[in-house]
There are 2 protein chains.
Amino acid sequence: MSIIFSRQCEYALQAVTYLALKPVGEKTSIKELTKKLDIPYHFLGKILQDLAYKGLLISQKGPTGGFALGLPARDITLFHIVEAIDGSGFMTNCVLGFPECSSSNPCAVHDSWGRHREGIYQMLVNRNIAEMARAMKKPEYVAIRR
Amino acid sequence: MSIIFSRQCEYALQAVTYLALKPVGEKTSIKELTKKLDIPYHFLGKILQDLAYKGLLISQKGPTGGFALGLPARDITLFHIVEAIDGSGFMTNCVLGFPECSSSNPCAVHDSWGRHREGIYQMLVNRNIAEMARAMKKPEYVAIRR
DNA sequence: TGAGATTCAGATACTTTTATCTTAAATTAT
DNA sequence: ATAATTTAAGATAAAAGTATCTGAATCTCA
């Protein structure tokens, strides 16, 4: 199975986007997130914990506690999330896994992939969570989950 | 960790490229491949078996046996290998994993990713194993392994 | 025909990722 | 204070991916 980002990373992106739909500063519990987004409770807990540790979210315990964005939604890019969870290894390794592939000894798709990779990088850097949330703020978004 | 293709797929691409460096029809044993490419013996065996079953390679048992390309090198594209091992799910799923993302209800990077994905697809379809082999046929290629 | 070399196939083990369980710590409200 | 609710943290389990082991089947060549 080809994938780009880990499942953890996908969950993180979904959760952070959901938080961006909420009024600024409002806390959202794991329970609500896990229910609306259909993500395993404790697994999501660990992911959010991680993002909170890295400053992308803030957390609070107790009743009325939960998670909220640690920065304005428009200051959190997709790349921030991806880098926090998956790292940025996809920016450096040969996409086909050839160990000897490098700019001085390139495989046949080295340059081509370099351009695509850069484009994907720009896509991640130039899109923020506010935009993600806006795109998702549709009837279908809420309707699909239950 | 972000990845594009599975390790199996990377091994497959490397092995098939190596076979393309050989004279047409010459069989190469797993032993040689595993030694030159530093890929686990039995793991590679299963992968090649799989590719042979799917017609991309031919195999022969016994002394002087081994594996060879099942088609002319220039008729085997990267996509043939990727599709055989990893499938083509990356062509259809939302790159960020949003379950409700579709062309009628796109996430904020849906169209952007669509263009990148198409570019990557073209890269895989337009490059064949002969080209891969040519790019790798350099002193460094042999020197790095042992 | 028999020995050796090789792929084939199934079982097993290891590793990483994903998911769950349990208890502790913190916070809120009664 | 106490109870209830929530995150924090560590241990454990399940699943998927990667790797190894063993024996069978097949082929070549002496």
Side-chain angles (χ1 to χ4, degrees), chain A residues 1-16 19 22 25-35 37-70 82 85-87 89 97 99, chain B residues 1-15 19 22 25-35 37-70 82 84-87 89 97 99:
Chain A
M1 185 62 171
S2 307
I3 61 164
I4 308 282
F5 306 116
S6 71
R7 186 167 298 196
Q8 274 195 60
C9 189
E10 295 183 353
Y11 288 165
L13 289 162
Q14 292 168 34
V16 173
L19 293 180
K22 292 300 185 80
E26 183 175 318
K27 305 283 195 312
T28 305
S29 70
I30 301 177
K31 200 191 319 183
E32 176 177 342
L33 286 162
T34 208
K35 205 161 199 171
L37 301 175
D38 195 32
I39 298 174
Y41 186 92
H42 292 91
F43 194 40
L44 180 57
K46 302 245 175 254
I47 296 168
L48 299 183
Q49 221 170 293
D50 193 6
L51 291 175
Y53 175 79
K54 287 168 179 159
L56 293 168
L57 298 181
I58 56 177
S59 67
Q60 194 186 17
K61 294 180 182 177
T64 78
F67 294 87
L69 299 185
V82 168
I85 303 292
D86 279 351
Chain B
M1 184 63 172
S2 308
I3 61 163
I4 307 283
F5 306 116
S6 70
R7 186 167 297 196
Q8 274 193 60
C9 190
E10 295 183 351
Y11 288 165
L13 289 162
Q14 293 168 33
L19 292 181
K22 292 298 184 82
E26 183 175 318
K27 306 281 196 312
T28 304
S29 69
I30 300 177
K31 200 191 320 185
E32 176 177 341
L33 286 162
T34 209
K35 206 161 199 173
L37 300 175
D38 196 31
I39 299 174
Y41 186 93
H42 292 91
F43 194 39
L44 180 57
K46 302 244 176 256
I47 297 168
L48 299 182
Q49 221 170 292
D50 194 5
L51 292 175
Y53 175 78
K54 287 167 180 159
L56 293 169
L57 299 181
I58 55 177
S59 67
Q60 194 185 16
K61 294 180 183 176
T64 78
F67 293 87
L69 299 185
V82 168
I85 303 292
D86 279 350

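A, B, ... follow the sequence lines: proteins, then strands. Residue 1 opens every chain.
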[X] has an atom [atom1]; how far is it from atom [atom2] of [N], in whole Å?
| X | N | atom1 | atom2 | result |
| --- | --- | --- | --- | --- |
| A/K54 | D/dA8 | NZ | C1' | 16 Å |
| B/I47 | D/dG17 | CD1 | C1' | 11 Å |
| A/L48 | D/dA8 | CG | P | 9 Å |
| B/Q14 | D/dT18 | CD | P | 13 Å |
| A/K31 | D/dT5 | NZ | P | 7 Å |
| B/L33 | D/dA19 | CG | C1' | 17 Å |

Minimum heavy-atom distance between [X] and [Y], given as atom pair plus value:
| X | Y | answer |
| --- | --- | --- |
| B/E26 | B/A68 | O-CB, 3.6 Å |
| A/F5 | A/V82 | CE2-CG1, 3.6 Å |
| A/I30 | A/Y41 | CG2-O, 3.6 Å |
| B/F67 | B/L19 | O-CD2, 3.7 Å |

Nucleic acid contacts of residues 4-13 of chain B, taken as heavy-atom distances under 4.0 Å to DNA chain C: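 Result for residues 4-13 of chain B: none.
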Sub-3.5 Å pairs of nitrogen or oxygen atoms, protein against nucleotides 21-24 of chain D:
none

Results of side chain to side chain contact (heavy atoms under 4.5 Å, CB included) for A/Q8 - residues two or more places apart only: A/S6, A/F43, A/I47, A/I85
From A/H42 atom NE2 to A/T34 atom OG1, the distance as rounded to the nearest 0.5 Å: 9.5 Å
Atom pair CD/CG of B/Q14 and B/L44 - distance to nearest 0.5 Å: 9.5 Å
Bounds of contact between DNA chain C and chain A, in 5' to 3' order, using a heavy-atom cut-off under 4.0 Å: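 On DNA chain C, the outermost contacted nucleotides are C/dT18 to C/dT28.
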Sugar-phosphate only, base, or nothing, as touched by B/I30 at under 4.0 Å among non-hydrogen atoms: sugar-phosphate
Sugar-phosphate, base or nothing in reach of B/F67, heavy atoms under 4.0 Å: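 The answer is sugar-phosphate, as B/F67 gets under 4.0 Å only of primed atoms, P, OP1 or OP2.
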Residue mapping more 5' on DNA chain C - nearest nucleotide basis, A/Q60 or A/P40: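 Going by which nucleotide is closer to the 5' end, it is A/P40.
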Step-by-step side chain to side chain contact (heavy atoms under 4.5 Å, CB included) determination, A/T28 to A/L33: CA-CA 7 Å; A/T28 305; A/L33 286 162; 3.9 Å; yes
Closest listed nucleotide, where the reference is the side chain of A/S59 and the choices are D/dT6, D/dT20, D/dA8: D/dA8
Pairwise salt bridge (charged side-chain N to carboxylate O under 4.0 Å, His left out) hits with a residue in residues 3-13 of chain A, at least two apart: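 Those involving residues 3-13 of chain A do not exist here.
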Solution key, residues 52-61 of chain A side-chain donor-acceptor pairs under 3.5 Å, sequence neighbours excluded:
| unit_1 | atom_1 | unit_2 | atom_2 | d |
| --- | --- | --- | --- | --- |
| A/K54 | NZ | A/D50 | OD1 | 3.2 |
| A/K54 | NZ | A/A84 | O | 2.8 |

Chi angles and distances behind the side chain to side chain contact (heavy atoms under 4.5 Å, CB included) call for B/E32, B/K27: CA-CA 10 Å; B/E32 176 177 341; B/K27 306 281 196 312; over 6 Å; no
5' precedence on DNA chain D between B/F43 and A/S29 (nearest-nucleotide basis):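 Between the two, 5'-proximity favours A/S29.
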